[in-house]
Number of protein chains: 2
Amino acid sequence: MIRLLLAEDQALLLGALGSLLDLEDDLEVVARAANGDQARQAIETHRPDLLVTDIEMPGSTGLELAEWVREAHPEIRVVILTTFARPGYLRRALDAGVRGYLLKETPVEPLADALRRIHAGERVIDPELALTAFDSKDPLTERERQVLRLAGEGLSNAEIGKRLHLADGTVRNYLSEAIGKLAAENRIEAYRIARDQGWL
Amino acid sequence: MIRLLLAEDQALLLGALGSLLDLEDDLEVVARAANGDQARQAIETHRPDLLVTDIEMPGSTGLELAEWVREAHPEIRVVILTTFARPGYLRRALDAGVRGYLLKETPVEPLADALRRIHAGERVIDPELALTAFDSKDPLTERERQVLRLAGEGLSNAEIGKRLHLADGTVRNYLSEAIGKLAAENRIEAYRIARDQGWL
DNA sequence: CAGCGGAAATGACATTCGTCACCTCGAATC
DNA sequence: GATTCGAGGTGACGAATGTCATTTCCGCTG
């Protein structure tokens, strides 16, 4: 019996997927979590074999969760299950030692099979992503990321500066560098590119 | 027996939810569609009692689908099932005569109940949204919406002008009006506000 | 200690944006 | 035929943004 813990913030999917996987003879959903923090607690109490987690959740993300699991419970295998085919996400996930990275495009049966294979020791990466994995890596510095995130929310240079305790000229510089590195025309395009790559 | 058609682009949710609803004694999923166009065809062939559809899908959206159903098959009841609690979406859905508007936050059982009630003639709106429904309505003109959409993708005034066959000064004017109407500081903020309201 | 490199800042400059008042032209209205 | 109105356009002006060269201030490292 493979003991699963599901972490997913969309209640409908969490419930439906949980029930369905539970119907499989060799799978058992021992707990469900609606966010990263609940997942940590559930891990401590239930010690599942496999953690299946979404990435974008309130509280701590699935990637943070995966990193934590590797530290705290290295025997638990982590499977990422997300909507986003973003190279940066996959890279970070692999760095965190996850055993599987699957998209929500996958139908249920293939997903269940993948979970079995992962439990048996295999590593399963969605084929659509396996290729893009070693494409481009994040060229941004931490400061550039911070500035870009805020710029993407519509803040002006001055406002960004205030938030990060920087002069607005400095903000301009970081933004200019980020725009250059990403070959964008302006801050908005730069923000989109970085976000779509999973670098923010 | 209530005959359902599900339209949802996320294969995992489509599959899991479909299987689960099908297990209910009085519900039958007669067809599944991964986008709006497939849904139209499936409606023609299967004539379901209820159409349960997502909003944001490739091809035509769930809202367009709902509008089409009211024209072509007014006897079919439409239920919107979406992640987004955007007032503009709800308003447009109600204008299209949908009988239900539910969030993917809803667990499966309440969803099944809601479908039964809708089939029985009731109208079910997610309580979280029922309130916000009559808040604010879209103050934007069609031109302003177009311009804002493109601005949100990082295009400059000149580029937007080229796309829409307008002079860049005119683009500036539309954008300026939109920013004013939405009480935003700049185009990015205006874009975000409009998007979050479901006006784009 | 000298030297190097990264983080933060400054100043100058061109370009783009945001605002506003005003112009044009064609269709609908009177 | 004159008037109104709305979509689109112009021009001007200040503010914000983007680019670059240069500077200061560390903390390292040889």
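What you are looking at is a predicted structure, and each value in this text was computed from that prediction instead of being measured. Naming convention: chains lettered A, B, ... in sequence-line order (proteins, then strands); numbering from 1 in each chain.
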(request) Assess whether atom CD of Q41(B) is packed by more than 12 heavy atoms of other residues, nucleotides or ligands within 6.0 Å. (result) no
(message) Can you give me the closest heavy-atom contact between I118(B) and G100(B), atom names plus distance?
(response) CD1-CA, 3.8 Å
(message) Go nucleotide by nucleotide along DNA chain D from the 5' end; which of S176(A) and T141(B) gets its closest nucleotide reached first?
(response) T141(B)
(request) Using whole Å, report how far CG of L182(A) lies from C1' of dG18(D). (result) 15 Å
(message) What is the separation between atom CD on E177(A) and atom C1' on dA8(C), rounded to the nearest whole Å?
(response) 11 Å
(message) From CD1 of I188(A) over to C1' of dA16(D), roughly how many Å is that when rounded to an integer?
(response) 13 Å
(request) Measure the distance from NZ on K181(B) to P on dT19(C) and round it to the nearest whole Å. (result) 14 Å
(request) Test L4(B) against every option in L115(B), V30(B), D22(B) by the side chain to side chain contact (heavy atoms under 4.5 Å, CB included) rule and name the one that passes. (result) L115(B)
(message) Using a strict threshold of under 4.0 Å (side-chain N to carboxylate O), is an ion pair present between R92(A) and E67(A)?
(response) yes
(request) Report yes or no: do S60(A) and R40(A) form a side-chain donor-acceptor pair below 3.5 Å? (result) yes
(request) Respond yes when some side-chain nitrogen or oxygen of R187(B) is under 4.0 Å from OP1 or OP2 of dG18(C), and no when none is. (result) yes
(request) Please list residues of residues 150-174 of chain A whose heavy atoms come under 4.0 Å from any atom in DNA chain D, ordered by number; otherwise none. (result) S156(A), N157(A), R172(A), N173(A)
(request) Give the rounded distance in Å between these two atoms: CD of E189(A) and P of dT16(C). (result) 14 Å
(message) Using C1' atoms of five pairs at each end, report the bend of the helix from dC1(C)-dG30(D) to dC30(C)-dG1(D) rounded to 10 degrees.
(response) 10°
(request) Find the distance L175(A):CG to dA9(C):P and express it as a whole number of Å. (result) 15 Å
(message) How many whole angstroms separate atom CD1 of I179(B) from atom P of dT16(C)?
(response) 17 Å
(message) Quick one about R149(A) and Q146(A) (side-chain donor to acceptor, distance below 3.5 Å, no hydrogens or angles considered), yes or no?
(response) no
(message) Does this structure show an ion pair linking E122(A) with R77(A), if we count only N-O contacts that are shorter than 4.0 Å?
(response) no
(request) Could you verify whether a donor N or O on one side chain and an acceptor N or O on the other, from N157(A) and R187(A), lie under 3.5 Å apart? (result) yes
(message) Run the side chain to side chain contact (heavy atoms under 4.5 Å, CB included) test on R163(B) and L155(B) for me, step by step, so that the C-alpha distance in whole Å, both residues' side-chain angles and the decisive distance to 0.1 Å come before the verdict.
(response) CA-CA 10 Å; R163(B) 293 266 191 110; L155(B) 302 193; 3.7 Å; yes
(request) Let me know the distance between CD of E144(A) and P of dG18(D), rounded to the nearest Å. (result) 14 Å
